Undergrad: 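Starting off with a structure, shown below.
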Amino acid sequence: MASKLEIKNLHVVIDYKEILKGLDLTVNEGETHAIMGPNGSGKSTLANVIMGHPKYKITSGDIIFEGKSILALTPDRRAKLGLFMAFQHPLEISGVSLANFLRTAYKHINTGMDEKNIASVSEFRKLMKEKMNSLGIDEDFAKRYLNEGLSGGEKKKSEVLQATILRPKIAILDETDSGTDVDAMKTISDSINNLKKESNTGILMITHYNRILKNVKPDLVHIMVDGRIVKTGDASLADRVESSGYNEFAVVA
Amino acid sequence: MKQITINKDYEKKYGFKMPEKPVHSTEPGLSKKVVNEISEIKNEKNENDWINKFRLRALDTFLKKKMPTWGADFSKINFDEIIYYMKSSEKSETKWEDVPKEIKETFDKLGIPQAERSFLAGLGAQYDSDSVYHSILKPLEEKGVIFTDPDTGLQKYPDIFKKYFGTIVPPEDNKFSALNSAVYSGGSFIYIPPGVDVQQPLQAYFRINAQRFGQFERTLIIADKGSKLHYIESCSAPIYSKDSLHAAVVEIVALPDSHVRYTTLQNWSNNVYNLVTKRAHAYENATVEWVDANLGSKITTKFPSVYLRGRNSKADILSVAFAGNGQHQDTGGKAIHLAPNTSSRITAKSVSKGSGRTTYRGLLYVGKGASNVKSTVRCDALLINNESRTDTYPYNEIHDDTATITHEATVGKIGEDMLFYLMSRGLSEQQALNMVVMGFFEPFAKEIPLEYALEFNRLIQLEMAGSVG
């Protein structure tokens with residue numbers, strides 16, 4: 001069965017303020033969607049809500065994955081179903097090495113999988129090494145504490161590395177291209193394309209820039225303004241945003 | 001449900017109890033009669049009268065000294081209910097086969113003889129009041145390394161023993177050192193001859209089995225010039241509803257150019273009051289390192305200290321603590337700089353869970369004329385739940401203005417965003433909390449041998465069970 005993420009008429013409140021105001025969106029496995037929109041339009045809220053951050057309150061609507069509502073599930077349950085989010089601001093966790101963290105995550109995400117399909121320590125090391133190489137990440141990185149002392153670009157690479165190892169069905173990438181230089185963006189894009197090819201992962205990419213969309217080609221581009229998707233189109237929509245901004249999409253209050 | 005399962009694991013692995021079969025036991029309560037009885041059993045009155053006098057002097061001090069009021073709450077300790085001496089085996093053996101069956105079974109279950117076989121240079125095992133086993137690798141013995149219990153130390157090596165015993169921590173130091181000095185039994189006596197490097201660790205394991213019991217072991221380590229030692233102590237006790245007492249005294253003499261590391265992996269059950277005085281004297285160019293993990297117990301009061309008496313001597317104190325529900329870990333470290341060019345580093349890390357409370361208490365003293373002292377103190381506390389508590393009391397007394405001193409303290413909570421991040425990678429809330437706490441203690445875990453680091457991680461996981469509110 002092809003995996004499908006459906007967001008239906010989603011209303012979300014934080015601190016008594018409504019951020020998402022009836023959002024609809026469907027992402028199928030294998031598809032690439034880009035969400036663009038001005039600051040404060042609710043893009044990151046959407047990402048966090050899909051993954052299940054406890055601080056947001058859903059007042060109405062639903063999020064359905066593979067035919068079932070996931071609203072009652074904790075983030076770890078959602079991750080085990082095959083959802084993933086690359087964080088805009090990944091947290092630093094001292095004393096926990098990236099390798100240890102990823103191996104633990106890998107084991108938890110793959111529980112229920114046949115024992116023989118779960119990689120052994122040496123297989124996992126090999127997998128990690130391979131994915132790190134393709135992202136141009138130094139091998140010493142695996143021993144470093146999770147995100148501690150990393151530059152913005154390194155943190156983004158680390159997030160993409162996690163996606164390529166955990167191989168989700170749907171990956172939400174929250175501004176994964178922000179703060180990366182041209183070379184980093186290129187390797188990040190290649191890894192995302194590779195993830196799509198290898199695992200048929202559906203991508204929901206939140207971005208401010210058309211640049212990455214030249215490398216990771218979206219099937220659909222959505223414009224989000226004031227908590228709703230106001231316009232959906234093909235890749236050319238991103239070009240339009242680049243040249244003339246979001247003004248033409250502004251919602252009349 | 002989960003919590004119950006895990007506590008059962010704890011009971012199975014550490015909290016089990018054996019029937020009490022003492023070959024000798026004093027009446028509950030503390031008196032001159034009890035102290036004399038202990039001296040009698042140990043034959044001190046005939047051969048070493050001075051130690052009996054030392055005990056009686058200490059008893060007098062204990063009775064005169066007021067209970068300390070500056071720290072944890074000791075008001076619930078009932079000194080009259082405690083049994084101060086219980087001998088469970090006739091003598092200390094050098095072969096495990098000769099150790100009485102139930103005692104041997106206890107140490108087998110705790111994995112102690114296996115550890116000895118695989119990576120230790122020597123092992124001492126104490127069960128209630130007395131040492132039941134002591135052994136050291138032959139080549140070290142041939143080099144003159146002494147590793148035995150204090151009774152044997154006094155009988156066989158009276159010159160070294162008498163020269164140092166009670167000089168680093170005199171009975172008058174504090175109420176609990178006085179208590180220990182009055183009724184002490186068991187522990188370790190270690191002497192490392194000049195230039196000898198004991199490459200593998202020596203370990204002592206202290207097991208309390210009896211109920212309403214007090215364990216008062218005494219450790220005296222003398223590292224002679226240029227020698228090197230890593231000593232490890234571990235401990236555990238069954239879970240009882242009545243309180244027990246553990247009041248130990250540890251004295252270290254680090255002679256010039258020596259290097260002593262003393263690692264503690266404490267794992268008392270939650271009915272044990274743990275009131276320990278640990279102190280080292282470091283002479284010229286000597287280094288003393290306390291690596292101290294405080295897990296379990298009802299209350300722990302322990303501030304390992306180093307008196308830097310010789311030029312260029314160094315102190316490194318790493319103290320970690322975990323306080324669960326109803327526990328108070330009052331820990332820290334003291335560096336007393338009494339000579340020029342001495343340096344110290346105190347690192348304290350504590351976690352409080354539920355109603356647990358941790359206290360960092362530290363002293364940094366720089367005497368007049370102790371020029372060019374360098375010292376750094378860092379304490380980090382992590383709180384798991386809203387009712388968890390931590391306090392920091394760093395005392396500084398600096399009498400020489402050439403000292404360079406830094407002090408840093410942080411208090412953190414595990415935030416919602418951090419848990420969300422980890423949970424988004426498939427970890428449950430409990431697993432996420434465990435991971436953050438393990439990471440927090442990583443600077444400690446990487447300092448201890450791998451086998452102990454694994455044990456430490458297991459213990460932390462047991463402590464962390466049921467922390468999701």
Side-chain angles (χ1 to χ4, degrees), chain A residues 44 47-56 73-98 100-113 143-148 155 158-159 161-163 165-168 171-172 174, chain B residues 2 293 318 320 322 347-351 378-384 386 408 410-448 450 453-454 456-458 460-461 464 467-469:
Chain A
S44 281
N48 280 288
V49 167
I50 295 171
M51 210 60 223
H53 195 301
K55 80 178 171 195
Y56 299 94
L73 302 182
T74 49
D76 51 319
R77 301 294 313 155
R78 299 182 195 206
K80 285 177 182 178
L81 287 179
L83 292 172
F84 177 90
M85 169 178 166
F87 281 57
Q88 187 181 350
H89 303 293
L91 284 96
E92 297 183 5
I93 299 175
S94 192
V96 178
S97 72
L98 176 63
N100 174 19
F101 170 67
L102 256 177
R103 169 90 182 136
T104 309
Y106 184 85
K107 274 200 299 202
H108 287 299
I109 297 272
N110 293 315
T111 43
M113 200 190 245
K143 290 183 215 134
R144 290 176 62 176
Y145 295 154
L146 193 58
N147 297 317
E148 204 175 69
K155 283 183 183 172
S158 164
E159 291 293 288
L161 173 71
Q162 294 171 39
I165 285 171
L166 301 176
R167 301 173 25 145
I172 304 144
D174 189 5
Chain B
K2 205 170 179 186
L318 174 56
V320 301
F322 188 107
T347 312
K349 295 182 86 73
S350 72
V351 171
R378 182 180 173 101
C379 35
D380 299 318
L382 189 63
L383 305 173
I384 306 279
N386 286 328
E408 256 185 282
T410 66
V411 178
K413 277 208 69 172
I414 303 181
E416 196 175 58
D417 286 329
M418 189 173 278
L419 289 179
F420 174 60
Y421 184 54
L422 293 172
M423 289 174 77
S424 79
R425 302 299 187 251
L427 280 72
S428 69
E429 189 175 350
Q430 181 72 63
Q431 288 158 343
L433 282 169
N434 286 4
M435 183 172 262
V436 177
V437 169
M438 302 289 219
F440 180 78
F441 281 134
E442 166 71 12
F444 173 81
K446 74 175 182 206
E447 280 299 319
I448 59 179
L450 180 67
L454 294 173
F456 176 73
N457 286 349
R458 263 198 300 277
I460 293 292
Q461 279 182 18
M464 282 297 290
S467 38
V468 177

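Because the structure is a prediction, the values reported are computed rather than measured.
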Undergrad: Do Met435(B) and Thr104(A) have side-chain heavy atoms sitting under 4.5 Å apart?
TA: yes

Undergrad: Verify the neighbour count for atom CZ of Arg167(A): are there more than 12 heavy atoms of other residues, nucleotides or ligands below 6.0 Å?
TA: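 Open: at most 12 neighbouring heavy atoms sit under 6.0 Å from CZ of Arg167(A).
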
Undergrad: What part of Phe101(A) is in contact with chain B, defined as an atom under 4.5 angstrom from a non-hydrogen atom: side chain, backbone, both or neither?
TA: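 Interface part for Phe101(A): both.
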
Undergrad: Shortest non-hydrogen contact from Gly52(A) to Phe420(B)?
TA: C-CE1, 3.7 Å

Undergrad: Are there residues of residues 436-444 of chain B that reach to under 4.5 Å of chain A by heavy atoms, and which ones?
TA: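 Hits under 4.5 Å: Gly439(B), Phe440(B), Glu442(B).
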
Undergrad: Can you list everything that forms a salt bridge (Lys or Arg N to Asp or Glu O under 4.0 Å) with Arg458(B)? Sequence neighbours excluded, please.
TA: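 Testing Arg458(B) for salt bridge (Lys or Arg N to Asp or Glu O under 4.0 Å), a comparison that skips the adjacent residues, returns Glu455(B).
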
Undergrad: If you take all heavy atoms of Ala105(A) and Arg425(B), which pair is closest and at what distance?
TA: CB-O, 3.4 Å

Undergrad: So how far is it from Asn48(A) CG to Ser424(B) OG, rounded to the nearest 0.5 Å?
TA: 9.5 Å

Undergrad: Taking all heavy atoms of Ile93(A) and all of Leu422(B), pick out the closest pair and write down the distance.
TA: CD1-CD2, 3.5 Å

Undergrad: Pick one of side chain, backbone, both or neither for Leu102(A), based on which atoms fall under 4.5 Å of a heavy atom in chain B.
TA: neither

Undergrad: So, for Leu427(B) and His108(A), which heavy atoms are closest and what is the spacing to 0.1 Å?
TA: CG-CD2, 3.9 Å

Undergrad: If you look at every heavy atom in Met423(B) and Ala79(A), which pair is closest and at what distance?
TA: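 Minimum heavy-atom separation between Met423(B) and Ala79(A): O-CB, 4.1 Å.
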
Undergrad: With only heavy atoms counted, which part of Gln162(A) is less than 4.5 Å from chain B, the side chain, the backbone, both or neither?
TA: side chain

Undergrad: If I take atom NE2 from residue His53(A) and atom OH from residue Tyr421(B), how far apart are they, to the nearest 0.5 angstrom?
TA: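 Those atoms lie 13.0 Å apart.
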
Undergrad: Would you indicate whether Arg144(A), at its atom CZ, is surrounded by more than 12 heavy atoms from other residues, nucleotides or ligands within a distance under 6.0 Å?
TA: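 Yes, the 6.0 Å shell around CZ holds more than 12 heavy atoms from other groups.
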
Undergrad: List the atom of Lys55(A), the atom of Asp417(B), and the distance in Å for their closest heavy-atom pair.
TA: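 Shortest heavy-atom contact: NZ-OD1, 4.3 Å.
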
